[in-house]
Amino acid sequence: MELIDIIDRDHFLRQLYPAGLKSVAVVGFDVGLNHIILSHFILNLRVYSQPAIDIPKYGKWLTDYDTVEIELRNSYINDLSCHNWFNNSRKECSIDIKEIQEGRWSVKFYNEAEDWHLSFTVDSLIFNGCKVYMCSEEDYIPE
């Protein structure tokens, strides 16, 4: 199972990455709780591979940008688990996706060498947008 297969509103992403999302890093996540229920979940991913199409407003790959940051959202996740998040260097990580029942997915992002993981269950993730930039020596941390 590919990550892109559990993303809703994915038309633009599939144009950018028709072979799926490769070289992915988790750079941030945000969880809002409202009276013990999850009110929002935001996941920020970086993709370090070149998009399949040129987008004029982005500029030119490796001249104007070398990173695409994707924001995914959902309000209906369960079983959220985060271990050693501060070990995450925001470099490429592994992704395991398993169907646990029809239309319900267990998702785990992890890096064994850095000893961290982020996992949750979800029906889908919703594409909310993306931005591009050049990575620098001093890592950009999303707000």
Side-chain angles (χ1 to χ4, degrees), residues 1-55 57-59 61-62 64-143:
M1 175 62 56
E2 292 284 334
L3 178 61
I4 202 163
D5 294 328
I6 66 167
I7 298 174
D8 287 341
R9 299 181 187 158
D10 65 346
H11 179 74
F12 181 62
L13 277 181
R14 287 188 184 274
Q15 288 181 328
L16 291 179
Y17 299 104
L21 299 171
K22 310 294 184 203
S23 299
V24 173
V26 178
V27 294
F29 72 98
D30 182 44
V31 178
L33 298 174
N34 184 5
H35 298 354
I36 309 178
I37 62 169
L38 184 67
S39 63
H40 73 269
F41 175 73
I42 301 168
L43 180 65
N44 294 95
L45 304 175
R46 283 187 190 155
V47 180
Y48 297 110
S49 55
Q50 181 176 3
I53 61 173
D54 290 327
I55 306 294
K57 76 175 187 174
Y58 288 175
W61 177 256
L62 296 182
D64 300 306
Y65 72 103
D66 65 358
T67 304
V68 178
E69 188 168 305
I70 299 168
E71 182 178 286
L72 304 172
R73 294 178 170 252
N74 201 319
S75 294
Y76 305 105
I77 68 163
N78 294 93
D79 305 322
L80 178 65
S81 172
C82 182
H83 175 74
N84 285 341
W85 178 251
F86 292 109
N87 289 353
N88 179 0
S89 65
R90 292 184 281 297
K91 292 188 170 54
E92 186 175 343
C93 65
S94 299
I95 306 169
D96 284 340
I97 301 172
K98 297 179 182 142
E99 190 170 30
I100 55 175
Q101 65 186 58
E102 188 175 338
R104 188 98 178 125
W105 307 97
S106 169
V107 181
K108 181 177 182 180
F109 297 92
Y110 64 98
N111 185 311
E112 289 180 353
E114 295 179 350
D115 187 31
W116 69 267
H117 80 259
L118 174 68
S119 61
F120 51 88
T121 58
V122 68
D123 294 336
S124 68
L125 294 165
I126 300 166
F127 174 66
N128 194 56
C130 60
K131 56 188 169 186
V132 299
Y133 53 88
M134 292 293 286
C135 271
S136 65
E137 290 294 320
E138 292 185 23
D139 192 23
Y140 165 77
I141 300 174
E143 297 175 10

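What you see is a predicted model, and the numbers here were worked out from it, not measured in a lab.
Of all heavy-atom pairs spanning C82 and L118, the tightest one is CB-CD1, 4.1 Å. Looking at every heavy atom in both residues, M134 comes nearest to L62 through CE-O, 4.1 Å. Across R46 and Y133, no two heavy atoms sit closer than the pair NE-OH, 2.6 Å.
Once rounded to the nearest 0.5 Å, the distance linking CD of Q101 with OG of S106 reads 11.5 Å.
With ring centers used as reference points, F109 lies 6.0 Å or more from W116.
Checked by atom type and distance alone, the side chain of S49 never pairs as donor or acceptor with a backbone atom of S23 at under 3.5 Å. Side-chain atoms of D8 never come within 3.5 Å of backbone atoms of I126 as a donor-acceptor pair (strictly under, hydrogens ignored). Between the side chain of N111 and the backbone N or O of E114, at least one donor-acceptor pair lies under 3.5 Å.
Counting only heavy atoms from C-beta outward, the side chains of W105 and I100 never approach each other to under 4.5 Å. V132 places none of its side-chain heavy atoms less than 4.5 Å from the side chain of I55.
Using the six-membered ring where Trp is involved, F12 and Y58 have ring planes that are perpendicular, over 60° apart on the 30 and 60° scheme.
For NZ of K98, the number of neighbouring non-hydrogen atoms (other residues, nucleotides, ligands) closer than 6.0 Å is 12 at most.
Using a 4.0 Å cut-off between charged side-chain N and carboxylate O, R90 and E69 make no salt bridge. With salt bridges taken as basic N to acidic carboxylate O contacts below 4.0 Å, none links D79 and K108.
If you check the side chains of Y48 and E92, you find no donor sitting under 3.5 Å from an acceptor.
With sequence neighbours left out, the salt bridge (charged side-chain N to carboxylate O under 4.0 Å, His left out) criterion links D123 to R104.
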